[in-house]
Amino acid sequence: MKRDLISMLDVKDDLHDIIKLSIKLKRQSKKGKRIEHLKGKTLGMMFEKSSTRTRVSFETGMTLLGGHAIFLSTNDIQLGRGESIEDTALVLSRYVDMIMYRAKSNDAMKELAKHATVPVINGLDNKEHPCQVITDLMTIQEHKERLKGLQFVYLGDGNNNMAHSYLLGCGIAGMNIRIVAPKQYWPEKYYLEEAKKFGVNVEVTDSLQNSTTGADVIATDTWVSMGDEVEKEKRIKQFKGYTVDRTLMGAAKPDAIFLHCLPAYYGYEVTKDVAHGPQSVIFDEAENRMWAQIGIMVKFYRDMFP
Ligand code: CP
Ligand code: NVA
């Protein structure tokens, strides 16, 4: 059966299997074993926004899997000149075996998935960033050897794609989550309610006092997501004080790790000494984008063609 990855909720039943498979394929490949499970297959990658990690990790991941990836900037394909998402989905489905889409809007993402007859993978939209959060959970699993019961703390923009996918991802993984953000940047109610349904402890606060106490994992993201640039000055003022620095890191558990999906803006959401410090795992996390997506693509392909 065709399956899509639009939201973290799309992997609620097999998140652990995907993480396990990703770690297994990473180990095998690093030992020199071929992992060409998608030999002769093609991934179409549609980008409506900039990317370093998503583009390169999907493309190199496909190479390791024995397949091929095509980069499609939506400015260059006919979609940018008014061809419909429906027709784009129907046509691409005749050529490629899977589509990765980085979209400006979650509605466009859903529209593409509705009409494509091949799996559609969300490479970020305005509501969620599931590939990144699956990657982050894989990275936590590697460093902490468990997920269930851990305390996750996210500081900064609680109303963006990362915060929303973290809420769902922590819920699915059985991790307690605390979002620390100015009130006007609290998450959408829907994501808070969905996370709570998994029975984990979900806290939202604007108070920095004791905000990182008991944290096993601290994460942040840019205060100015792609598309929010016009609000840059206003946001920098409103987020003042929410920078993850040595003091906040020092108040967490001594073995706490630091995550950031990158790109990072040092001196704003995090200081460079934390991001490049001993507790940071941001470059393992960046590398794991490739391994997690390899796991996702292999699993989705196997589910479609058992
Ligand atoms: N983290 C992430 O998605 O990075 P890119 O925007 O560089 O793809
Ligand atoms: N929240 C950020 C994530 C970048 C990978 C953005 O949407 O720009």
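Every number for a ligand or one of its atoms is a count from 1 in the order of the listing. All values derive from a computational prediction rather than experimental measurement.
Counting only N and O atoms by type, the side chains of Q238 and R235 include no donor and acceptor under 3.5 Å apart. Residues T139 and N288 bring a donor and an acceptor atom of their side chains to less than 3.5 Å of each other.
Considering backbone and side-chain atoms together, K49 places no N or O closer than 3.5 Å to any N or O of ligand 2. Among the atoms of H129, none of the N or O lies under 3.5 angstrom from an N or O of ligand 2. Annotation: N161 places an N or O atom under 3.5 Å from an N or O atom of ligand 2; distance criterion only.
The ligand atoms of ligand 2 that sit less than 4.0 angstrom from a heavy atom of L262 are 5 (C). Ligand 2 places these atoms under 4.0 Å from at least one heavy atom of N160: 1 (N).
Checked against a 6.0 Å centroid threshold, the rings of H276 and Y266 count as neighbours. Ring to ring, Y268 and F239 are not that close: their centroids are 6.0 angstrom or more apart.
Looking at atom 8 (O) of ligand 2, its nearest protein heavy atom turns out to be M226 N, 2.8 Å. Annotation: atom 4 (C) of ligand 2 to nearest protein heavy atom, L124 CD1, 3.8 Å.
Applying the salt bridge (Lys or Arg N to Asp or Glu O under 4.0 Å) definition to pairs two or more places apart or across chains, those involving residues 280-296 are K30-E287.
Relative to the six-membered ring of F300, R3 meets both conditions, a distance below 6.0 Å and an angle of at most 45° to the axis.
Each of S51, T52, R53, T54, R102, H129, Q132, C261, L262, R289 has a non-hydrogen atom positioned under 4.0 Å from some atom of ligand 1.
Ion pairing of K299 with D14 is present here, as a side-chain N (NZ or NE/NH1/NH2) and a carboxylate O approach within less than 4.0 Å. By the 4.0 Å N-to-carboxylate-O rule, K232 lies too far from E229 to be salt-bridged with it.
With N161 contributing its side chain and E128 its backbone, the two residues share no donor-acceptor pair below 3.5 Å.
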